[in-house]
Amino acid sequence: MSDLLNHPAFQGAVAPFIVALIVASALGRTRFAWLAILPAYATMVALDTGFTLTPLTASRRSWLIALLAPLVGVAADSYRRSSRRVAPALAGAAALVSLWVFWTLIGNREGWRSAAVGAGIAIYFAALVAAVLRLRDDGLRCGAAGLGLGIAVGIAGIVSASIGALVAGAALAAASGAMLVVQIALARTIAPGYTGALPIGMIAALIAVGAQQLAELPWYALLLMLLVPLAASLPVPRPEVRFARAAVLSLLALVAATLPIAAAWYAARGAPS
Amino acid sequence: MVRRTRRAVVILYRLENIVHKRLALFAVAALPLAAVAAPETFSFDPLHTSANFAIDHLGLSTIHGRFDKFNGKVTFDPAAKTGSVDFVVDTASVDTNDRDKGSRPRSRDEHLRSADFFSAAEFPTMTYKSTQVVYTGDTPTKIEGNLTLLGVTKPVTLTIDRFRCNSATASAKERCGGDASGKIKRSDFGMKRGIPAIGDDVTLTFGFEGDKE
């Protein structure tokens, strides 16, 4: 049993998938179904590192923000879901929060490099979160983007020498995959709103930037990850069969996910140890 | 009356002279002692100092590693039975003899530098500061201190397995050296990745030499 609980595949994929499936099924008829991402990710954190907050390292700040993001999403949905200002405001807030998460790493650099790294991280967070928030009205597109982003950051993360990124990325992919399964099983598309789209964008950005700053993920792989939500937003036929639409969108997202993975692999092969 | 007063002044003057002379004599006599008792400071010689660790792997074997970059100072005062050790290790210099990654995307050392283990970008250094040096006779035998790793500070005791000094010669300064070792649980410092496949118990060993400053 202990071996099972300690296995990265169980911690990152199996357990979060089962938890997300159960919670999303239970909340499937409500507007809170996408909150399932929260317990799924929390399960991964509990099994992988535990909930210790001291010292408050970048990794711990990262999962703390990841767990708060769905709650902020619920608040945004409850407040003014239809307002056009909410999405840009959330993307801007994500940029500011990213500076807090990675502050020690930004501060470890000197002079202009510190400012450049901070600005780069903030702009990246704003861009990725904004790209995913664009999908907030379509549960299948958002789920496909989460699946693709999770696999992209997970595999690119392990290629960049971070098992932590692999486990966290797998949890994001598993939770998003579970949301796709629930929508197919319930034969209804569940709009993620900010409750689902915000955590997907935030978690993907947190893992990706974490792997770039704390491991060896090249910066250009981060840019290529922006293509995943764009791929999931490409126009596809609207067949009556949800499964087919979900499969096509997931395939598009996964094809886009191969690009940052390939970039990470290319960088690893060329880099001296 | 005047004679008595003059005599008293003379006596006082002589007494003062005697006290001053004795104090001066005492001070002169104490000088060599003070020189002996002064704490001696040694800087680590990087060519003859190493910071090493050993950890269990899959219950099959022991993986040995070391840090290539570090610096520090040792002071000790055998007469007063005191001393101090300050040691700063560059965590990015971790080396487990895995430089050639071959067909793998990343080497073990790259993985050790990541947030899964030493998180070298966020915590570039690991430090050890002594709080007390314990002597047996004139020889330091134990160092009690605090190890700071990944932002967590915990008490760690190092046993000095051997310690010796060579006297200064015409061509060389006084040089001291020794070996020290200790054990930590890496999970105490938040480094939990891979436990239990990769052991929790880490043995630290230091070989050190330094010239008197």
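Everything quoted here is computed from the prediction, not taken from an experiment.
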Report task. Examine whether an atom of A/Glu216 lies under 4.5 Å from a heavy atom of chain B, and if so say whether it belongs to the side chain, the backbone or both; otherwise answer neither. Result -> both
**Report entry** Interchain contact, B/Leu150 with chain A, by part (heavy-atom threshold 4.5 Å)
**Finding:** backbone
Report task. Would you name the heavy atoms of B/Pro105 and A/Ala268 that are closest together and state the gap between them? Result -> O-CB, 3.3 Å
Query raised in the report: Side chain, backbone, both or neither: which part of A/Arg60 has an atom under 4.5 Å from a heavy atom of chain B?
Result: side chain
Query raised in the report: Hey, which residues of residues 157-167 of chain A are touching chain B, say heavy atoms under 4.5 Å apart?
Result: A/Val159, A/Ser160, A/Ala161, A/Ser162, A/Ile163, A/Gly164, A/Val167
**Report entry** chain A contact via B/Asp116 - side chain, backbone, both or neither, heavy atoms under 4.5 Å
**Finding:** side chain
Query raised in the report: Roughly how far, to the nearest 0.5 Å, is the CZ atom of B/Arg106 from the CH2 atom of A/Trp265?
Result: 10.5 Å
Query raised in the report: With the threshold set at 4.0 Å, does a side-chain nitrogen-carboxylate oxygen contact exist between B/Lys192 and A/Asp48?
Result: no
Report task. Inspect the surroundings of CH2 in A/Trp219 and state if more than 12 heavy atoms from other residues, nucleotides or ligands are less than 6.0 Å away. Result -> no
Query raised in the report: For atom NZ of B/Lys142, is the number of surrounding heavy atoms from other residues, nucleotides or ligands below 6.0 Å larger than 12?
Result: no
Query raised in the report: Does a sphere of radius 6.0 Å around CG in B/Asn97 hold more than 12 heavy atoms from other residues, nucleotides or ligands, not counting ones at 6.0 Å or beyond?
Result: no
Query raised in the report: Which atoms of B/Arg108 come close to chain A, meaning under 4.5 Å heavy atom to heavy atom: side chain ones, backbone ones, both, or neither?
Result: neither
Query raised in the report: What pair of heavy atoms forms the shortest contact from B/Ser119 to A/Leu214, and how long is it?
Result: OG-CD2, 3.5 Å
Requested in this report: Using heavy atoms and a sub-4.5 Å threshold, report which of residues 49-57 of chain A line up against chain B, by residue number.
Outcome: A/Thr49, A/Thr52, A/Pro55, A/Thr57
Query raised in the report: How close do A/Asn6 and B/Pro196 get, heavy atom to heavy atom, and via which atoms?
Result: ND2-CD, 3.7 Å
